[in-house]
J.: 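Below is a structure I'd like to ask you about.
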Amino acid sequence: MAASRAALRAMRAEAEALDTTDVAASWVSAEVIRADVERRIKALADLADAPLFFGRLDYALGHGPGAHPSDPEENTHHDRHGVRLDHRFYIGRRHVHDKDGDPMVVDWRAPVSQPFYRASRRDPLHVELRRRFGCTGGELTAYEDEHLTDPAERSGPSALLQREIERPRVGPMRDIVATIQPEQDEIVRAAVDGSVCVQGAPGTGKTAVGLHRVAYLLYAHRDRLARTGTLVIGPNDSFLHYIEQVLPALGELAVEQTTVDRLTAHVPVRGADEPAAAVLKGDARMAEVLRRALRAQITMPTEPCVVVRGSRRWRIPADELAEMTQELIDRGLRYGAAREALPQRVAHAVLLRMERAGEAPDDRVQDAVARNSAVKAAVRAVWPPVDPAKLVLRLLSDPDFLAEAADGVLTADEQKTILWAKPARGVKSAPWTPADAVLVDETRDLVSRTRSLGHVVLDEAQDLSPMQYRAVGRRCSTGSVTVLGDIAQGTTPWATPSWADALRHLGKPDAVVEELTQGFRVPRDVIAYASRLLPAIAPDLTPATSVRESPGDFSVIRVPSDELTAEVVRACRAALDHEGSIGLIAADSRTPALTEALAAAGLPHLAPGEETSHQARLTLVPASLAKGLEYDHVVLDEPSAVVDGEPDDRTGLRRLYVALTRAVSGLAVVHAAPLPDLLAQDDTPPAGQEPARYSSESTIR
C-alpha cells in the first residue's frame, strides 16, 4: 500500500512537471492540452481516507491474462522476491504503475478485475485465491482469503464484505467498488450500445449500479463518450448533492448531473399545476396536439413567386410551390429543417427554367436565388418562423386554437382542464409550470432536433410522466440509457404503471429489464415491515430480502397526540447517541413545527443536500424529498400525515414506503394517529419472510 501511494504521488508529480508551453501550433490547441493535463492532475489525487486497492486476485499458473498454459513459466514475470506478477493483481479504484510503467494496482473496471466480482467456487474463472482487504481511514487493517479451488475450505459469507455493507453512512453517498455483487456487476459492465432498465427495491444499490455503470463505460469507451457525452439525471437537487462525490471518487470528474426540470428549463417556471392538469399535460397525447399546432402554422401558397435577376423575371406558380410544400410535409422533416429546405427547392426550380432558357447557372447562382428577397418573402408566408414558447403559450391560452389542435385527441373537458385561467400576455409573464416547460421542450424538438448523448443514466425514473420520458429519450435517441427506479416508489399522480410503458415513451422498447431484490442497505426487519405495503402499492413486485446480518434497531412508538412532537425530539436525541447520520422524516406540513421543536431542544439540524458542507448529523427531511436518500438512523414522524399529504391513498402509501426504507441501521416510527391498516395488522409476516421483532402497536406512554 505504501509503495502504491508513493507511485501515485510520482505519477501526479510527473503530470505536474509537464511543460505545456510552445507544444501546439495554435492557442486553441494549447488550451486543450493544458485542460487535459489539469484534468489528469486532478484525477491523480490520492484520497487519504480511501485505500488505493481493496482486493487481490491470484490466478492459477498458466491462466493469468497473457499466460499460455502450455508454457506458463516462459510467460511469467517475477519481482525481486520471486512473486509471479502476471498472476497476481491488486484491484483498486484506479490504475497505478511504477516508474517502469508496470501495473501495481489495476483499475476495477479493467477486464482482468472482473473475476473479483464474479468468481465463485462453482465457477472460479481460473482464480485460485481472492483476497479482500479491510481498511480504516485509508489504512489496511484486515484481510480475508477465499481459496476458490480448494474443496476442503468451507465457504461462508464474507465478514469484511458484511462489515463494509453495514459501515455507518456519514455525509454523501460513497462508491461501492469493494462490494459490487455479481448481479450488479453484470449490469455495470453491460454493452454500451444496449439500454438497461433496473427495477430495484429499496437498498438494492440501483443508484450505485447506475453511477458505476457510467464510470465503467467511460473507462471502456472513453473516446466515443468523450465525443458524444454522458449525463446523469436525478429527481431533485438534494439527491444530486447526495450522489455528487461518487463519480469523482472513481476518477470521473466531467460527468454532468442534472434534473428533468433543469433539462427542460426553457421558460421561467413560477407556477404549479393542479394534479389533474399536470397529468394531462404529461400525457403522451400532448405530443400529437403539439405536432398539429405546429403544422397549423404552415399555409399553402396562393400567390406565385417571381424572382428578378438582371433583366429576366422567373415565375414559380402557386401550385408548384404548393407541391414543394406538401412534399416536405409528407417527408416528415422537422419544422425548422423543412423551412430551410424550401428556399433551396424554389431556387432549384428557378435554375431549371434558366437552363431551359439557354443559361448555364452554377451552385453559386442557386444559393443567390435562395437568398433572394422574393424567395424569402414567399417562404415566410408559407412556412413562418416559430418560437416554441410562444406557440405553447398560445395553445394554453387560446381555447379556439387548442380546440383545433386537440380535436379528436383531447375531450372538451380535458381541454378546459389544461387551459390557463387567464390569457398570458407574453412568455416572461406567463404562468409557466414544470409540465408546461416539458411541452416547450417537445415543441423545440419538433422545430429543431435535440442533440443526442452517448449515454444517459435516469434515476428515480418511476416518477416521470410520458412527456418527461420523451424529453429524456430525445437526449439519448442515438445513444443508450440506464433507467433506474422502483415502481413501488412512484409518488407522483403521473407515475408510470409499468416499465414497458416507460421504455416505450423513452423510445427504447427493446431495453433489457433487470430486477434487483437482494437488499444491502435496509435491515431485515425494516424491509419486512415496509413490504407489508406492497400488496396495495405494487402487487406484482417481488418483496426484497436483505443480506444484512444485523436485524437493525427497530421500534414503533405510539403516544398521545399532545406528546407526539416531544417524543419525536426524544427519539432524535436518542439516535444521536449512536454513530452515523440521522434523518428525521416527516410530512411536509409537519416540518415547520418540527423545526421549531428541534431549535427549542437545542438540536442543530440540516436540510437535505447540506450534509456535504456541515458537521451536524441530524437532517430534517420533508417526505417529498426523501426519495433516494439514506441515513443510518431514521425517525419517522406520524405516518398517517405522510399518507394524508398526498392526493390519494395509493400515492400516500407509496410515499410512506419510501420514508420507511431510508434507514440503514435503525428506524423509530413515532405516531399518535392510527397506522395504515397494512402496518397495523398482527405480526404475522408475509410469506417467505422472517418474523420481525417489534410491536406494531406499542404501549401508549
Side-chain angles (χ1 to χ4, degrees), residues 187-188 190-198 210-211 213-235 240 247 252-267 282 284 286-288 290-291 294 331-341 386 388-389 392 437-461 464-485 496 499-513:
I187 298 171
V188 167
V192 67
D193 294 323
S195 292
V196 181
C197 175
V198 182
L211 294 174
R213 175 157 168 73
V214 172
Y216 170 77
L217 292 177
L218 286 170
Y219 174 89
H221 308 279
R222 190 169 301 278
D223 290 343
R224 172 176 172 177
L225 293 180
R227 295 192 306 270
T228 56
T230 55
L231 179 66
V232 174
I233 302 175
L240 295 180
L247 287 170
E252 301 302 339
L253 309 174
V255 179
E256 184 182 355
Q257 300 182 12
T258 189
T259 64
V260 173
D261 287 345
R262 286 215 300 269
L263 206 62
T264 58
H266 309 300
V267 290
M286 288 301 299
E288 174 62 17
L290 293 169
R291 190 193 67 79
L294 187 60
R331 287 183 59 190
L333 296 177
R334 278 175 168 76
Y335 188 94
R339 186 174 186 275
E340 292 176 359
V386 168
V392 176
V438 177
L439 298 182
V440 175
D441 188 75
E442 177 86 21
T443 308
R444 286 169 60 95
D445 185 70
L446 290 171
V447 174
S448 179
R449 182 185 296 275
T450 303
R451 175 177 174 258
S452 174
L453 301 170
H455 191 78
V456 172
V457 172
L458 175 62
D459 206 349
E460 300 297 347
L464 269 60
S465 70
M467 292 299 286
Q468 288 176 317
Y469 282 123
R470 289 175 61 89
V472 174
R474 287 191 283 277
R475 271 75 184 182
C476 56
S477 59
T478 60
S480 56
V481 62
T482 299
V483 180
L484 311 167
T496 187
W499 290 123
D501 286 348
L503 294 171
R504 177 167 49 83
H505 295 308
L506 270 170
K508 306 292 182 183
D510 297 328
V512 176
V513 179

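Excluded from the calculations below are hydrogen atoms, water molecules and symmetry mates; all remaining heavy atoms, backbone and side chain alike, are included. This is a predicted model, so every value here is computed, not measured.
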J.: For residues Val192 and Arg224, determine if any side-chain heavy atom of one lies less than 4.5 Å from a side-chain heavy atom of the other.
T.: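 They are in contact (side-chain heavy atoms under 4.5 Å apart), so the answer is yes.
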J.: Would you say Arg475 has more than 12 foreign heavy atoms packed within less than 6.0 Å of its CZ?
T.: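 Yes, CZ of Arg475 has more than 12 neighbouring heavy atoms, counting only those of other groups under 6.0 Å.
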J.: Enter the distance from Ile233:CD1 to Asp261:CG here, rounded to the nearest 0.5 Å.
T.: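 Result: 11.0 Å between the selected atoms.
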J.: Under a 4.5 Å cut-off applied to non-hydrogen side-chain atoms, are Asp445 and Arg334 in contact?
T.: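 Result yes, sub-4.5 Å side-chain heavy-atom pair found.
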J.: Do Lys508 side-chain atoms and Cys476 backbone N/O form a donor-acceptor pair below 3.5 Å?
T.: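 Judged by distance alone, yes, a pair lies under 3.5 Å.
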J.: Does the side chain of Asp459 reach to within under 4.5 Å of the side chain of Val232, using non-hydrogen atoms?
T.: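 In short, these two side chains do not touch, never coming nearer than 4.5 Å.
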J.: Name all residues meeting the side chain to side chain donor-acceptor pair (under 3.5 Å) criterion together with Ser452; count only those two or more places apart in sequence or in a different chain, and write none if there are none.
T.: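 With sequence neighbours excluded, Ser452 shows a side chain to side chain donor-acceptor pair (under 3.5 Å) to Thr478, given in chain and number order.
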J.: Mind checking the NE2-CE spacing from His505 to Met467? Nearest 0.5 Å is all I need.
T.: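 Atom-to-atom, His505:NE2 and Met467:CE are 10.0 Å apart.
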J.: Charged N to carboxylate O below 4.0 Å: is that the case for Glu442 and Arg291?
T.: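 Looking at Glu442 and Arg291, the cut-off is not met.
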J.: Taking Tyr469 for its side chain and Ala461 for its backbone only, find out whether a donor-acceptor pair lies under 3.5 Å.
T.: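 At least one qualifying donor-acceptor pair exists.
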J.: Of all the heavy-atom pairs spanning Gly282 and Pro466, show the shortest one and how long it is.
T.: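 Heavy-atom minimum between the residues: O-CD, 3.1 Å.
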J.: Check whether any side-chain heavy atom of Glu252 lies under 4.5 Å from a side-chain heavy atom of Val214, and answer yes or no.
T.: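 Side chain of Glu252 against side chain of Val214, heavy atoms only: no contact under 4.5 Å found.
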